[in-house]
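I have placed the structure first, in the form of structure tokens, so that the comments after it can refer back to it.
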2 protein chains.
Amino acid sequence: MEKEEKALICPIEIAMEHINRKWVIQIIRDMFFGKKRFNEFKEGKPNLSNKVLSNCLKEMEENGLITRKTNGGIEYKLTEKGLALNKVLYELAMFTLNTDINNRYYDDENKKELKKVFKEILL
Amino acid sequence: MEKEEKALICPIEIAMEHINRKWVIQIIRDMFFGKKRFNEFKEGKPNLSNKVLSNCLKEMEENGLITRKTNGGIEYKLTEKGLALNKVLYELAMFTLNTDINNRYYDDENKKELKKVFKEILL
DNA sequence: CGGGATCCGGATGGATACTG
DNA sequence: CAGTATCCATCCGGATCCCG
């Protein structure tokens, strides 16, 4: 009997399957910033419809990123696994801030402040 | 005259706009692993059609992640900006490896080896 | 408040065949 | 080798209305 071999799937691809969908990363970011409820996630996202948000939260729950609990209304929380995305989010933010060399999106002061905020919240 | 304010878009969202499309991350990973040519990117991706790959490479070029140059055939290369995604890729890989606590995808030896490889190539 | 049910249109992905 | 050109399927987002 030979040793069982699992086909080695690239871990990067597996990670991307968790966060590929359009709103997932933004919702996770919101949760790191303290948001918990359905209608909170919709704030500032005029294009996010109920259906899409609902599906999104469901998929995130199936993927083990969040939990859904009743607590005088329904609250969503990051799981251990969801929290483990902190460094991914941090590096995504740093990528943008570090490659915005022509200050297309931010001036130097913005960058400094944003780096500080993301570091405090995500690391 | 008041100070000009740019609307502050979340840097995480901007980063995601670069890598959201289905094959982008895998192509960038391939490039970190030394692949340069159209047909090399197709290896191991039976569902990646010519059209989709072509569009994908075009968009990545527009986004400043890669360059396209003729060199006895056409070669794609990561730009400085593209290379700056190294830590994002690394953290994506680590996320999967660190949260696979039930060894669903990898056994402990695989994990150790994969961590080593990604560290060498991406950091 | 936290969604579910429908419906629609555009974007995206994929297969196949062909080309300079 | 590095794509284009078609055609087709589908997914997905978004709008709207409805419900317990």
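Treat the numbers as computed from the prediction; the structure is a model and nothing was measured. Sequence lines set the chain letters: A, B, ... in the order given, protein chains first and strands last, and positions in each chain run from 1.
Across the protein-nucleic acid pair, A/Phe41 atom CZ and C/dC1 atom P stand 14 Å apart, rounded to whole Å. Atom-to-atom, CG of B/Asn39 to P of D/dG3 comes out at 9 Å; the value is rounded to the nearest Å. If you measure from atom CD of A/Glu43 to atom C1' of C/dG2, you get 14 Å, rounded to the nearest angstrom. Between the OH atom of B/Tyr76 and the C1' atom of D/dC1 there is a distance of 11 Å, given to the nearest Å. If you measure from atom NZ of B/Lys42 to atom C1' of C/dG13, you get 13 Å, rounded to the nearest angstrom.
We find the OG-CH2 distance between B/Ser49 and B/Trp23 to be 9.0 Å, quoted to the nearest 0.5 Å. Distance check, rounded to the nearest 0.5 Å: CD of B/Glu17 to CG of B/Asn20 gives 8.0 Å. In this structure, CD1 in A/Ile19 is found 10.5 Å from CE in A/Met60, a value given to the nearest 0.5 Å.
Between D/dC1 and B/Arg37, no contact under 4.0 Å exists linking OP1 or OP2 to a side-chain N or O.
Not counting sequence neighbours, the partners of B/Glu13 by the salt bridge (Lys or Arg N to Asp or Glu O under 4.0 Å) test are A/Arg29. Under the salt bridge (Lys or Arg N to Asp or Glu O under 4.0 Å) criterion, A/Glu113 pairs with no residue, sequence neighbours left out.
Residue pairs meeting the side-chain hydrogen bond (donor to acceptor under 3.5 Å, both in side chains) criterion with at least one member in residues 81-93 of chain A, sequence neighbours excluded: A/His18-A/Lys81.
Listed nucleotides D/dG14, C/dG3, C/dA15 differ in distance to A/Asn47; the shortest reach to its side chain belongs to D/dG14.
In the region residues 53-69 of chain B, proximity to DNA chain D at under 4.0 angstrom, judged on heavy atoms, holds for B/Ser54, B/Lys58, B/Arg68. Within residues 17-26 of chain B, no residue places a heavy atom under 4.0 Å from DNA chain D.
Side-chain atoms of B/Asn98 come within 3.5 Å of backbone N or O of B/Met94 as a donor-acceptor pair.
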Please list, for nucleotides 5-10 of chain C, all pairs of protein and nucleotide N/O atoms separated by less than 3.5 Å.
residue, atom, partner, partner atom, Å
C/dC7, N4, A/Lys51, NZ, 3.2

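Exactly one residue among A/Arg68, A/Lys69, A/Arg37 makes a salt bridge (Lys or Arg N to Asp or Glu O under 4.0 Å) with A/Glu75. That residue is A/Arg37.
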